[in-house]
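What follows is a set of notes on a single structure, which appears directly below.
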Amino acid sequence: MLPHEHTVVMKFGGSSLADTDKIRKVARMVADRHVAGENIVVVVSAQGKTTDGLMKMAHEVSPNPSKRELDMLLTVGERSSMALLSMAIADLGHQAISLTGSQCGIITSDNHFNARIIDVKPVRILDELDKGHIVIVAGFQGMSYKKEITTLGRGGSDTTAVALAAALDARWCEIYSDVDGVYTADPRIVDPFHLVELSYDDMMQMAYRGAKVLNFHAVEFARRRQITVYARATAGGRETMVRKPALELGRTVLAVAGADNLVGLVTDGLPGTASLLERLSDNHVEIQYLLSRPDGTGVLVLNPVTAPDWRAAAPPDVRVERLFSVSVIGRSIGFENRMLTTALAEAASCGAEVFCVEANPSHLTFYCRGDSGAALTAAFHKAFVTPR
Ligand code: ADP
Ligand code: ASP
Ligand code: MG
């Protein structure tokens, strides 16, 4: 095996592996890097929309499937990708081996469907790299300390990649998707500016507010372990480097990010808010935002993607609002009255019905009713974001 400073982790998302031609293309990319003299560990996601398809099937057989069984089911997607990629690499004359998360020593908490990595013991990977093999790892999964198969939350293959880069002391982690880096907003919605470099904190804020190009927990892990992450497109083009920043000073508006399909639970008094919060946390349902009004009423905003069983945890009579959020992200922003008044005017002209607003130095987030998320994203981007 080459010294660890020659180890690189490359992660390929679902769109990069969507069909067998794409898998063969990734196999060639990986093989070329191996020939160039690097120890290569590849992390794969499930192909295309496989995970969504499996989720749909689960809900067809049961409206509220057990999260343990969901994990058993969903991990199949990544297992299939890893075996296919390993076969395609072997076909090019290179020795490759596929490994599941548990075989790679990824130990997680026991919170099924949204587990966190607590330890990585990559003995098996090191053995294989030692033999000069390319290692293909199924992303998004691990094994709890109770020896149960777990998944790491939607988009969790990014986290697998960063965690392995840290455990292997790799040079860096490369995350390949259908977009050539991180932009000032989702390129599917507006024509944004490309960001060459980003700090961990800024990227975390963007990811948390809905920019799914990199997973929030992956970036958090990268920050903790100081792993440089490159966001790239499998098709080539530009890239964005996420790493410890040079000095960050002054006010900046960085980007706009949005999230759809959020849920707002409305309570009619402080005791109701407190007991709802307790019920949700007992069921590991993460709250994104809690607003407690002076009259005692409250709003708890959650993202059902992190907890598909939130309904079972909430009392049946709780008022439910379907919301979307759009956030302006930056530094030393959020509390500026001028920004807030402009944002309110933009929301009104888009027809967004503002439900509540979260203002903070690092972001200004509008939670709204309706379906004008894309329009509000475009309006905020035009009003606040300038090229860096
Ligand atoms: P993968 O399946 O490869 O993990 P994702 O779908 O999770 O890829 O992430 C890539 C997608 O992220 C892009 O197709 C793009 O629409 C979306 N995206 C959202 N916000 C941003 C942003 N600020 N910059 C770049 N892409 C973004
Ligand atoms: N396949 C999983 C998902 O769709 C994990 C990932 O793609 O990162 O969420
Ligand atoms: Mg992703």
Side-chain angles (χ1 to χ4, degrees), residues 10-18 22 26 43-56 70-71 73-82 101 113-115 137-142 150-163 173-196 198 202-219 229-235 237-240 242 254-260 303 305-306 308 325-329 373-374 377-378 380-381 385 388:
M10 304 170 80
K11 179 257 164 176
F12 293 91
S15 58
S16 306
L17 303 162
K22 289 188 170 166
V26 168
V43 174
V44 290
S45 290
Q47 288 180 272
K49 302 261 176 245
T50 301
T51 311
D52 291 337
L54 293 170
M55 279 292 282
K56 189 162 168 280
L70 267 181
D71 280 353
L73 179 70
L74 297 187
T75 47
V76 169
E78 273 69 14
R79 278 180 86 127
S80 153
S81 295
M82 74 176 189
F113 199 78
N114 203 15
V137 179
F140 174 57
Q141 55 182 271
T150 52
T151 61
L152 306 173
R154 297 302 306 266
S157 297
D158 294 357
T159 316
T160 306
V162 174
C173 180
E174 302 171 10
I175 298 200
Y176 291 87
S177 71
D178 58 353
V179 61
D180 60 347
V182 183
Y183 284 76
T184 52
D186 188 341
R188 287 178 205 246
I189 299 177
V190 292
D191 186 14
F193 309 111
H194 180 257
L195 295 164
V196 176
L198 267 170
D202 288 342
M203 187 63 233
M204 276 166 65
Q205 193 63 253
M206 286 178 70
Y208 192 70
R209 304 283 150 200
K212 66 170 189 160
V213 56
L214 292 177
N215 174 281
F216 170 79
H217 296 289
V219 185
V229 176
Y230 290 92
R232 295 182 182 158
T234 309
R238 297 189 271 192
E239 65 177 20
T240 300
V242 181
L254 182 73
V256 176
D260 286 332
N303 189 343
V305 162
T306 61
S325 73
V326 180
S327 308
V328 183
I329 292 148
T377 300
F380 279 3
H381 194 267
V385 183
R388 285 176 105 195

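Whatever order the structure lists ligands and atoms in, that order sets their numbers, starting from 1.
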May I have the N/O to N/O pairs between ligand 2 and the protein that fall below 3.5 Å, each with atom names and distance to one decimal?
from, atom 1, to, atom 2, distance (Å)
ligand 2, 1 (N), Thr51, OG1, 2.8
ligand 2, 1 (N), Glu78, OE2, 2.6
ligand 2, 4 (O), Thr51, OG1, 3.3
ligand 2, 4 (O), Arg154, NH2, 3.0
ligand 2, 7 (O), Ser45, OG, 3.1
ligand 2, 8 (O), Gly156, N, 3.4
ligand 2, 8 (O), Ser157, N, 3.0
ligand 2, 8 (O), Ser157, OG, 3.1
ligand 2, 9 (O), Arg154, NE, 2.7
ligand 2, 9 (O), Gly155, N, 2.9

> Hey, which of Leu195, Val213, Thr240 is the one that makes side chain to side chain contact (heavy atoms under 4.5 Å, CB included) with Met203?
Replying inline: Val213

> Can any side-chain N or O of Ser80 pair as donor or acceptor with the backbone N or O of Val76 at less than 3.5 Å?
Replying inline: no

>> Taking Gly13's backbone N and O only, do any of them form a donor-acceptor pair with Ser177's side chain (distance below 3.5 Å, no angle check)?
In response: no

>> Holding to salt bridge (charged side-chain N to carboxylate O under 4.0 Å, His left out), I want the full list of residues that pass it with Glu174, two or more places apart in sequence or in another chain.
In response: Arg33, Arg232

> Is the side chain of Ser45 donor-acceptor paired with the backbone N or O of Ser157 at a distance under 3.5 Å, no angle test?
Replying inline: no

> Listed by chain and number, what are the ring-ring contact (aromatic ring centres under 6.0 Å, His included) partners of His217, not counting sequence neighbours?
Replying inline: none

>> Can you tell whether the side chains of Asp178 and Arg188 come within less than 4.0 Å, N to carboxylate O?
In response: yes

Measure from every N or O atom of ligand 1 to the protein's N or O atoms and keep only the pairs below 3.5 Å, writing each with atom names and distance to 0.1 Å.
from, atom 1, to, atom 2, distance (Å)
ligand 1, 4 (O), Lys11, NZ, 3.2
ligand 1, 6 (O), Lys212, NZ, 3.2
ligand 1, 7 (O), Lys212, O, 3.3
ligand 1, 14 (O), Asp178, OD1, 2.8
ligand 1, 14 (O), Asp178, OD2, 3.2
ligand 1, 14 (O), Arg188, NE, 3.3
ligand 1, 14 (O), Arg188, NH2, 2.8
ligand 1, 16 (O), Asp186, OD1, 2.7
ligand 1, 16 (O), Asp186, OD2, 3.4
ligand 1, 16 (O), Arg188, NE, 2.7
ligand 1, 23 (N), Tyr183, O, 2.9
ligand 1, 24 (N), Tyr183, N, 3.0

> Any side-chain donor paired with an acceptor under 3.5 Å for Asn215 and Thr159?
Replying inline: yes

> Does Asp71 reach the main-chain N or O of Thr151 with its side chain, forming a donor-acceptor pair under 3.5 Å?
Replying inline: yes

